[in-house]
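Here is the naming used below: chain letters follow the sequence lines, and residue numbers restart at 1 for every chain.
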There are 2 protein chains.
Amino acid sequence: MAIRTKRRTAGRFSGESIIIEAAWLYHHDGLNQNEIAKQLQVSRATVVNYLQEAKERGYIRISLSPEIFNNHKLAQELRQKFNLQAAFVLPHGIGSDEEALMRVARGAAKWLPSLLKRGDRLGVAWGRTIYEVAEALEKIDIEGVTVSQLVGSMATPYGFTAEICSAHMAQNLGAKCINLHAPAVLSNPDLAAHLRNEPIIHAQLEALSHCNKAIFAAGSCEPDSHIVSCGLASIDDLEWYIKQGAKGVLCGRFIDEQGKPIIGNLDKRIIGVTLDRLQGLDIGLLVSQGVEKVTPMLAAIAGGYVTHIVTSDKTAQLMLDANN
Amino acid sequence: MAIRTKRRTAGRFSGESIIIEAAWLYHHDGLNQNEIAKQLQVSRATVVNYLQEAKERGYIRISLSPEIFNNHKLAQELRQKFNLQAAFVLPHGIGSDEEALMRVARGAAKWLPSLLKRGDRLGVAWGRTIYEVAEALEKIDIEGVTVSQLVGSMATPYGFTAEICSAHMAQNLGAKCINLHAPAVLSNPDLAAHLRNEPIIHAQLEALSHCNKAIFAAGSCEPDSHIVSCGLASIDDLEWYIKQGAKGVLCGRFIDEQGKPIIGNLDKRIIGVTLDRLQGLDIGLLVSQGVEKVTPMLAAIAGGYVTHIVTSDKTAQLMLDANN
DNA sequence: ACTATATGCTGACAATTGTCAAAAAATATG
DNA sequence: CATATTTTTTGACAATTGTCAGCATATAGT
């Protein structure tokens with residue numbers, strides 16, 4: 001009785017499994033299934049079976065270029081875990097945190113225009129990151145966009161102010177710019193209250209409270225935090241807020257783990273948007289990067305201020321690893 | 001005038017190039033082009049374009065499992081470089097040369113049946129490798145196959161002889177076996193000549209000269225070569241042939257670099273096939289493996305005796321690297 | 001501002017690939 | 001040695017994917 005191999009062997013060219021031969025001809029030599037069927041003397045349907053088996057056996061690996069797609073994967077995971085509309089994860093790269101920040105800022109700048117459409121009113125916060133986004137923006141022109149400065153101005157040792165952030169952004173977006181002609185923080189609550197009632201300031205605050213989109217960064221509550229080094233808060237202020245459970249800073253306001261604003265002495269002296277105005281926007285774009293920003297970012301997300309996010313892969317991974 | 005990015009940006013989910021998003025959805029999430037088109041708000045034709053660009057840009061890598069396909073690739077290269085009908089390259093593996101020889105022999109045994117069809121007359125040479133092939137053959141039954149012993153018998157220290165090689169092979173193939181009832185080498189040319197004219201031997205030699213397929217190994221010309229250790233040739237014989245340019249041994253005959261037989265004292269005393277009979281066969285299956293076999297194998301191929309080859313990846317690579 | 005050129009997008013059609021039930025072949029079983 | 005069971009192959013059809021000419025939009029040049 002003739003005993004033969006069940007499955008046909010290729011024989012013709014390679015002696016190896018006909019499955020490997022089919023996979024080779026298809027993926028390496030680029031033949032189509034008909035040509036392969038003819039060459040291997042089987043039906044085309046059989047070639048389909050062989051190719052599927054080659055896939056199942058793992059002979060063929062379709063890998064998505066990791067450095068490109070890993071970040072995309074992280075973005076999807078961020079999107080899912082935090083219920084965001086969209087996320088953009090950039091490679092941290094091998095360089096310093098400084099370089100990563102620049103890359104994230106450039107990424108946000110590249111993305112921002114496609115998130116805006118005519119008639120939008122964009123609120124712009126202030127900080128190093130936002131400044132770099134504004135600088136990195138290529139000059140484009142979307143009709144009828146208005147940019148609003150979300151917090152008052154501040155003299156900084158860095159040479160950039162809230163005014164410059166929003167002005168540059170408006171300039172590069174070809175947008176109208178509404179600045180907030182007031183200091184970010186005053187020494188005295190009463191003065192702040194009076195200033196808020198000044199007609200010009202009142203109008204500006206009114207305008208920014210009608211923004212439908214906003215771009216901001218998360219600030220950390222660590223002692224070397226920006227909010228202290230720029231002079232907005234004193235070390236004592238910071239310690240007080242931390243004692244109250246502050247986990248981050250958003251537009252000059254301290255927030256707790258759930259993203260709820262912590263109202264304290266400082267808040268009464270600040271001229272700027274209140275956080276309730278930043279909830280439920282069409283787009284709340286959080287641009288931040290770095291280990292120390294993870295907790296603040298999570299808090300901001302928990303508070304419902306964020307619909308879109310731009311960050312680095314490293315930061316994204318830390319956010320995903322955080323067990324909450 | 002509104003200046004926008006030329007290509008639509010995905011915006012919706014990832015901010016990254018829409019091309020990456022399309023590639024991701026297609027290859028990772030397994031969506032089809034219609035679903036992707038709907039999701040990205042473009043036509044399906046555009047999705048096709050995106051996917052093609054992703055391929056061109058190298059975002060998607062389809063790699064063929066190297067451990068599987070490398071040998072297939074080597075086989076193809078052998079086939080091409082040496083103008084062979086087919087090649088079968090087996091992994092040398094991490095073990096000893098002994099193990100590799102066994103693997104190659106088993107590979108040849110697995111392949112051989114698919115190379116035979118009814119009515120074939122298969123010439124079988126002799127040697128360690130061929131013996132292992134005969135042993136490894138699974139018992140099958142191809143009608144009307146005849147196996148011929150290509151060279152006379154020889155007492156060997158290994159306990160296998162040309163007779164056993166061909167007999168086992170015939171047995172496992174369910175084939176008729178024509179043995180050569182004579183010693184492989186005689187001490188005296190005249191005696192050999194007389195023996196060749198003996199009717200029974202003459203008939204057997206006549207039979208084997210009508211083989212249409214043959215299986216053989218290549219022997220090396222090194223001092224520890226099998227042809228010496230088995231007693232077919234003396235060291236003096238070997239040295240004489242090497243001086244004449246011998247590069248290998250095929251069926252007991254010395255060949256030069258071009259595969260041409262070198263006729264010497266020994267040839268007149270041998271009972272066995274002459275090499276001219278091994279040229280132009282339907283199939284000449286060379287089964288050999290090992291560094292020291294590279295030169296003999298190349299010589300055998302140059303002589304036109306080989307249409308099919310079974311070897312190890314290591315050996316195949318050396319053959320391909322040889323600059324001729 | 002207007003036209004020229006390039007680039008990207010689309011719809012309609014062509015080609016390729018996937019599915020599935022049934023036939024054929026191989027193997028197991030009574 | 002006939003029959004049952006499993007595996008492999010196949011043909012016909014369905015779904016998916018690829019192509020290409022023409023259209024729309026963007027950029028460049030004057």
Side-chain angles (χ1 to χ4, degrees), chain A residues 1-12 16-57 59-60 62 110 113-114 116-118 138-143 173-174, chain B residues 1-12 16-57 59-60 62 110 113-114 117-118 138-143 174:
Chain A
M1 192 34 164
I3 301 171
R4 282 182 159 281
T5 52
K6 249 192 297 193
R7 187 159 246 159
R8 294 187 190 175
T9 54
R12 195 153 178 72
E16 290 183 60
S17 158
I18 196 166
I19 291 179
I20 293 175
E21 183 134 9
W24 179 267
L25 292 171
Y26 191 73
H27 293 283
H28 182 268
D29 294 343
L31 304 191
N32 66 32
Q33 298 180 350
N34 263 316
E35 297 172 302
I36 296 170
K38 211 164 61 184
Q39 187 154 355
L40 298 183
Q41 309 262 36
V42 295
S43 74
R44 196 187 56 74
T46 300
V47 174
V48 175
N49 292 337
Y50 289 168
L51 292 176
Q52 281 177 342
E53 188 158 351
K55 240 182 236 166
E56 281 161 19
R57 291 199 202 170
Y59 293 170
I60 304 154
I62 48 169
K110 202 176 132 205
S114 71
L116 298 176
K117 57 185 182 200
R118 50 175 304 168
E138 284 183 40
K139 198 159 170 42
I140 61 166
D141 197 339
I142 303 161
E143 284 182 72
L173 290 171
Chain B
M1 191 35 165
I3 300 170
R4 284 184 158 278
T5 52
K6 249 191 297 195
R7 185 160 247 157
R8 292 187 190 177
T9 53
R12 197 155 175 69
E16 293 183 56
S17 159
I18 196 168
I19 292 177
I20 293 177
E21 183 132 9
W24 179 266
L25 291 171
Y26 191 74
H27 293 283
H28 182 267
D29 293 344
L31 304 191
N32 66 34
Q33 298 180 349
N34 263 315
E35 297 172 300
I36 296 169
K38 210 163 62 186
Q39 187 154 351
L40 299 183
Q41 308 264 38
V42 295
S43 73
R44 197 189 55 73
T46 300
V47 174
V48 175
N49 292 336
Y50 289 168
L51 293 175
Q52 282 176 342
E53 188 158 350
K55 241 182 236 163
E56 282 160 18
R57 290 201 204 167
Y59 293 169
I60 306 154
I62 48 170
K110 199 177 132 206
S114 70
K117 56 185 183 197
R118 51 174 304 167
E138 282 183 43
K139 200 160 168 39
I140 61 163
D141 199 337
I142 304 163
E143 283 181 75

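Using a 4.5 Å heavy-atom threshold, the side chains of B:Leu25 and B:Glu21 count as touching. In this structure the side chain of A:Val42 reaches within 4.5 angstrom of the side chain of A:Tyr50, judged on heavy atoms.
Interface residues of residues 28-38 of chain A facing DNA chain C, ordered by number: A:Asn32, A:Gln33; criterion, heavy-atom separation under 4.0 Å.
Listed by chain and number, the residues in a side-chain contact (heavy atoms from CB on, under 4.5 Å) with A:Asn34 are A:Asn32, A:Arg44 (sequence neighbours excluded).
A:Ile19 CD1 to A:Ile60 CD1: the interatomic distance, rounded to the nearest 0.5 Å, is 10.0 Å. Atom NE2 of residue A:His27 and atom CD1 of residue B:Ile62 lie 6.0 Å apart, to the nearest 0.5 angstrom.
If you check C:dT10, C:dT17, D:dG11 against the side chain of B:Ala45, the one that comes closest is C:dT10. Distance from the side chain of A:Asn49 is smallest to D:dT9 among D:dT19, D:dC13, D:dT9.
Regarding contacts with the backbone of C:dT17, every side-chain N or O of A:Gln52 stays at 4.0 angstrom or more from both OP1 and OP2. Under 4.0 angstrom from either OP1 or OP2 of C:dG8 there lies no side-chain N or O belonging to B:Tyr50. Here A:Thr46 does not reach the OP1 or OP2 of D:dT9: none of its side-chain N or O atoms lies under 4.0 Å away.
In this structure, CD1 of B:Ile18 is placed 19 Å from P of C:dT7, rounded to the nearest angstrom.
Each end of the helix from C:dA1-D:dT30 to C:dG30-D:dC1 gets its own rotation axis from five pairs of C1' atoms, and the angle between them is 30° to the nearest 10 degrees.
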